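What follows is a single structure, written as structure tokens, with notes after it.
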Amino acid sequence: MEVIICPDADEVGRVAAAKVGQVCAAASRPVLGLATGSSPLAIYRHLQLMVGEGRLDLGRASAFALDEYVGLDPAHPESYRSVIHRTVTEPLGLDPDRVHVPDGSAEDLEQAAAGYDRAIAEAGGVDVQILGIGSNGHIGFNEPTSSFASRTRIKTLTQRTRLDNQRFFDSLEDVPTHCLTQGLGTIMDARHVVLVAQGEAKAQAVAATVEGPVTALVPASVLQFHQRATVVVDELAASRLQLGDYYREVYAGKPAWQRFA
Ligand code: GLP
């Protein structure tokens, strides 16, 4: 895993966006993997700047979101369909017909899940998957003990995740209890993965992901098996890493041909 420690949250977004942009620029029809939550917002802001300044062309890009709540009206402002449209599709000028979100209101959720994995495969697979991380180490909505082989499927949200996400709703009762999420196996199929985290509340999850044992109790730790995983964190999210100085030294000493920001 490549670990990059940045001085602040905005720099996390700039560096991660540079990595995403580098992968996209190398693909004729880039396929982006999108995450919701507050963590990747700075990436989207910087990608928007890059597109606006002509440094990145996403005109032929398509995108697949990680997850969606089950039982929430897709038109609800906090449905991930709405959030992705508002924070990614519109600002980056992506073609809405090529931006996909799991259908959490499908009558047959299992069929919708299987169809989603097929659609990703038919698009040629995800070139670069953007990830945030839950305070319990989840990625997408793969809660602890999710199978490392899992594909897109229905999951039950933990109480901790529902409490974390309560801020987007009027009350805890309004936070959905279930979701459709890409599986850990689906995420691991992406050719590149860029995980971002900011703030002290993520420090424990980041340390367990990067330096802890690979365990289903920390779903993001499966990324230790990914060939091209980049973890970009600010100083606070890095505060519990044992080898912080080593990661800083490695990044500072990178040869020019390995740099992307
Ligand atoms: C939700 C999303 C995850 C996201 C996590 C953290 O659970 N399903 O994809 O990583 O929230 O959100 P935040 O970045 O707001 O802390």
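Ligands are counted one by one from 1 in listed order, and the atoms in each one are counted from 1 as well. Because the structure is predicted, anything quoted here is derived from the model rather than measured.
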Walk me through whether Thr161 and Glu143 qualify under side chain to side chain donor-acceptor pair (under 3.5 Å).
CA-CA 9 Å; Thr161 297; Glu143 299 286 30; 2.6 Å; yes

Can you figure out which of Gly37, Ala220, Ala201, Gly140 has its heavy atom closest to atom 3 (C) of ligand 1?
Gly140

Minimum-distance protein heavy atom relative to atom 11 (O) of ligand 1
His138 NE2, 4.1 Å

If I apply the N/O under 3.5 Å rule, does Ser38 come out as touching ligand 1?
yes

Could you go through Asp189 and Arg151, starting from their C-alpha distance and side-chain angles, then the distance that decides it, and tell me whether this counts as salt bridge (Lys or Arg N to Asp or Glu O under 4.0 Å)?
CA-CA 10 Å; Asp189 284 347; Arg151 313 302 304 181; 2.9 Å; yes

Taking the basic N atoms (NZ, or NE/NH1/NH2) and the acidic carboxylate oxygens, is any pair closer than 4.0 Å for Lys254 and Glu2?
yes

If you scan protein heavy atoms around atom 8 (N) of ligand 1, the nearest is Asp67 OD2, 2.8 Å

Decide side chain to side chain donor-acceptor pair (under 3.5 Å) for Arg153 and Asn142; before the verdict, give the C-alpha distance in whole Å, the side-chain angles of both, and the deciding distance to 0.1 Å.
CA-CA 10 Å; Arg153 71 211 183 291; Asn142 291 282; 2.9 Å; yes

Spacing of Leu157 atom CG and Arg162 atom CZ [to the nearest 0.5 Å]:
7.0 Å

Please state which protein non-hydrogen atom is closest to atom 16 (O) of ligand 1 and give its distance, to 0.1 Å?
Lys202 NZ, 2.6 Å

Which protein heavy atom lies closest to atom 2 (C) of ligand 1, and at what distance to 0.1 Å?
Tyr80 OH, 3.7 Å

Ignoring angles and geometry beyond distance, decide whether Ile133 reaches within less than 3.5 Å of ligand 1 through its nitrogen or oxygen atoms.
yes

Does Arg259 make a cation-pi contact with Tyr251 (under 6.0 Å, within 45 degrees of the axis)?
yes

Strictly under 4.0 Å, does any heavy atom of Ile139 approach an atom of ligand 1?
no

With a 4.0 Å cut-off on heavy atoms, is Arg167 touching ligand 1?
yes

Flag the pair Glu78 and Arg167 as a salt bridge only when some basic side-chain nitrogen lies within less than 4.0 angstrom of an acidic carboxylate oxygen.
no

Quick one: look up the protein heavy atom nearest atom 14 (O) of ligand 1 and list residue, atom name and how far away it is.
Ser39 OG, 2.4 Å

With respect to Phe168, determine whether any N or O atom, backbone or side chain, lies less than 3.5 Å from an N or O atom of ligand 1.
no

